[in-house]
*Asks:* 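Below is one structure. I have some questions about it.
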Amino acid sequence: MEYTRLGSTGLQVSPICLGTWRFGLEHEDSGVVETDREDAHELLDAFAAQGGNFIDTANGYGQGRSETWIGEWLEDRDREDFVVASKCYWSQVSRFQENLSKKNVKAEVEGSLDRLGTDYLDILYCHRFDDGTPPERTLRALDDLVSQGKVHYVGISTCDAWKLTKALWEADVNNYEAFTVTQPQYSATYREPVAEYLDVCADQDLAVCPYSPLHGGFLTGKYERVGDGEVEAPDGSRGDIDDHFEDWYLTEQAWDVLDEVQAVADEADATPAQVSLRWLMDHERFTCVPIVGARTVDQLDENLGAIDVELSDDQFARIDDAIEV
């Protein structure tokens, strides 16, 4: 596997990142646990066997089980072979703290390091922007963690473009460690809400590691419209077990994009999922490393197959033009 330079960080990472938010995730409405410990380790084994080295988690995934299971898996491996990213905002350690205060950031990072069984995080994302804490204070806390060697690079996930810009300015004027990696929701079907955010990333040379790159599994092509507005969802899929799936993911624009993705997939002898991931990886404005949250090894193998898919400029443009930003 050829590795990708992650923006200005200098980190060399696999072109696809393994997302672990499913690890230990239990759906309140159905009680279904998406990925248990055994399946989590099997996925990590399969990812590493194909050369994958970029693993994404968070302090709150599976109420901490995701980090714990990754830490157990890393015990038998060389930590230096992997790039591990985690996040903070919601609390697993700090009592009554859900923010980016110095107290919460420090406590949550210590908790993550303990569960992962490591001395450092390669990347620490702020899971959200904290409107209640001045960004200068959060950035100072992050800068301290970098100075202490507990975090190597810092990033941010969901926030408004102007808030990202403000945080970059605060880091610059105070000489603090600045965000170099971002993690927005972004896919061939989900663009308009993050268009300005991505403009900032392109302008400031920030790497983009989008979550939900397959639009909640919609871009795999496994959902079909049947009857009058009805959708057929495979048993056990998110559309089957998540009551919010239809409202969040099934728009007319999404169906239009899927039609074009499926047409390109037929031409490229690939699957819709592979084409959707390749479309992201082929972005030139910024480094784009999609995060996939496969539920099975077969799904993971299919996703990793996107690395070998080639899209022509025309095919890329057709998908690009299937939706107006």
Side-chain angles (χ1 to χ4, degrees), residues 1-9 11-19 50-52 54 56 161 181-223 249-294 299-325:
M1 181 180 292
E2 293 186 7
Y3 294 101
T4 298
R5 184 184 178 95
L6 191 63
S8 63
T9 68
L11 293 170
Q12 298 292 324
V13 300
S14 45
I16 289 177
C17 176
L18 177 61
Q50 294 200 45
F54 193 8
D56 181 84
V181 189
T182 61
Q183 190 177 125
Q185 180 180 351
Y186 181 49
S187 69
T189 59
Y190 187 88
R191 304 187 215 170
E192 192 277 331
V194 291
E196 292 184 353
Y197 182 103
L198 294 175
D199 285 342
V200 177
C201 294
D203 182 70
Q204 296 297 307
D205 193 23
L206 306 182
V208 177
C209 299
Y211 71 89
S212 200
L214 297 178
H215 202 55
F218 174 79
L219 286 170
T220 63
K222 61 187 175 185
Y223 298 99
Y249 295 103
L250 304 186
T251 66
E252 282 302 315
Q253 287 188 132
W255 289 109
D256 290 342
V257 173
L258 179 59
D259 287 344
E260 196 61 59
V261 165
Q262 289 177 318
V264 171
D266 289 340
E267 298 166 6
D269 192 23
T271 68
Q274 291 170 341
V275 167
S276 299
L277 293 170
R278 185 72 254 180
W279 180 83
L280 288 168
M281 289 186 280
D282 282 350
H283 277 46
E284 295 182 351
R285 292 202 304 152
F286 44 74
T287 304
C288 190
V289 179
I291 302 171
V292 299
Q299 286 180 355
L300 178 61
D301 288 343
E302 177 187 353
N303 291 339
L304 291 175
I307 295 171
D308 297 321
V309 172
E310 294 184 5
L311 299 183
S312 67
D313 291 343
D314 175 69
Q315 289 169 331
F316 182 94
R318 281 162 50 196
I319 296 171
D320 206 38
D321 294 340
I323 187 173
E324 292 186 7
V325 177

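Hydrogens, waters and symmetry mates are skipped; everything else that's a heavy atom, side chains included, is used. All residue numbers refer to positions in the sequence shown, counting from 1.
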*Asks:* In Å, rounded to the nearest 0.5 Å, how long is the span from CG of L11 to OG1 of T4?
*Replies:* 12.0 Å
*Asks:* How long is the span from the OG1 atom in T182 to the CG atom in L198, to the nearest 0.5 Å?
*Replies:* 7.0 Å
*Asks:* Mind listing the closest non-hydrogen atom pair of L280 and P213 along with its distance?
*Replies:* CD1-CB, 3.4 Å
*Asks:* Which value, rounded to the nearest 0.5 Å, describes the distance between L311 atom CG and Q274 atom CD?
*Replies:* 10.5 Å
*Asks:* Would you confirm whether R5, through its side chain, and T287, through its main-chain N or O, come within 3.5 Å as a donor-acceptor pair?
*Replies:* no
*Asks:* Could you check T220 against T271 for side-chain contact (heavy atoms from CB on, under 4.5 Å), going step by step and ending with a plain yes or no?
*Replies:* CA-CA 7 Å; T220 63; T271 68; over 6 Å; no
*Asks:* Looking at side-chain heavy atoms only, is the closest gap between P210 and C288 below 4.5 Å?
*Replies:* yes
*Asks:* State, to 0.1 Å, how close S212 and S187 come at their nearest heavy-atom pair, and which atoms those are.
*Replies:* O-CB, 3.6 Å
*Asks:* Apply side-chain contact (heavy atoms from CB on, under 4.5 Å) to the pair Q50 and D301, showing each step before the final yes or no.
*Replies:* CA-CA 9 Å; Q50 294 200 45; D301 288 343; 2.6 Å; yes
*Asks:* Look at the rings of H215 and F218 and say which category their plane angle falls in: under 30° parallel, 30 to 60° tilted, over 60° perpendicular.
*Replies:* perpendicular
*Asks:* Suppose we screen for ring-ring contact (aromatic ring centres under 6.0 Å, His included). Which residues come up paired with Y211, at least two apart in sequence or across chains?
*Replies:* none
*Asks:* Heavy-atom distance under 4.5 Å between the side chains of Q315 and I319, does that happen here?
*Replies:* no
*Asks:* Take L214 and N303 through the side-chain contact (heavy atoms from CB on, under 4.5 Å) test and state the conclusion after the steps.
*Replies:* CA-CA 10 Å; L214 297 178; N303 291 339; 3.8 Å; yes
*Asks:* Quick one: salt bridge (charged side-chain N to carboxylate O under 4.0 Å, His left out) partners of E302, sequence neighbours excluded?
*Replies:* none
*Asks:* Take atom CG of D313 as the centre, draw a 6.0 Å sphere, and report whether it contains more than 12 heavy atoms from other residues, nucleotides or ligands.
*Replies:* no
*Asks:* Are V289 and C209 side-chain neighbours, meaning at least one heavy-atom pair lies under 4.5 Å?
*Replies:* yes
*Asks:* So which heavy atom on G51 is nearest to which on Y3, and how close?
*Replies:* O-OH, 2.7 Å
*Asks:* Check the angle between the aromatic planes of W279 and F316 and answer parallel, tilted or perpendicular using the 30° and 60° thresholds.
*Replies:* parallel
*Asks:* Could you tell me which non-hydrogen atom of Y190 sits nearest to which non-hydrogen atom of Q185, and how far apart they are?
*Replies:* CD2-O, 3.4 Å
*Asks:* Looking only at heavy atoms, what is the nearest atom pair of A265 and V275, with distance?
*Replies:* CA-CG2, 3.6 Å
*Asks:* Would you say I16 and M281 make side-chain contact, with heavy atoms under 4.5 Å?
*Replies:* yes
*Asks:* Kindly compute the distance separating CG (L6) from CG (L206), expressed to the nearest 0.5 Å.
*Replies:* 10.5 Å
*Asks:* Does any non-hydrogen side-chain atom of L258 lie less than 4.5 Å from one of T189?
*Replies:* no
*Asks:* Enumerate the residue pairs fulfilling salt bridge (charged side-chain N to carboxylate O under 4.0 Å, His left out) with a member in residues 196-220, sequence neighbours excluded, ordered by first and then second residue.
*Replies:* D199-R285
*Asks:* Is the shortest heavy-atom distance from the side chain of Q183 to the side chain of D56 under 4.5 Å?
*Replies:* yes
*Asks:* Can you check side-chain contact (heavy atoms from CB on, under 4.5 Å) on R318 and E267, steps first, answer last?
*Replies:* CA-CA 13 Å; R318 281 162 50 196; E267 298 166 6; 3.0 Å; yes
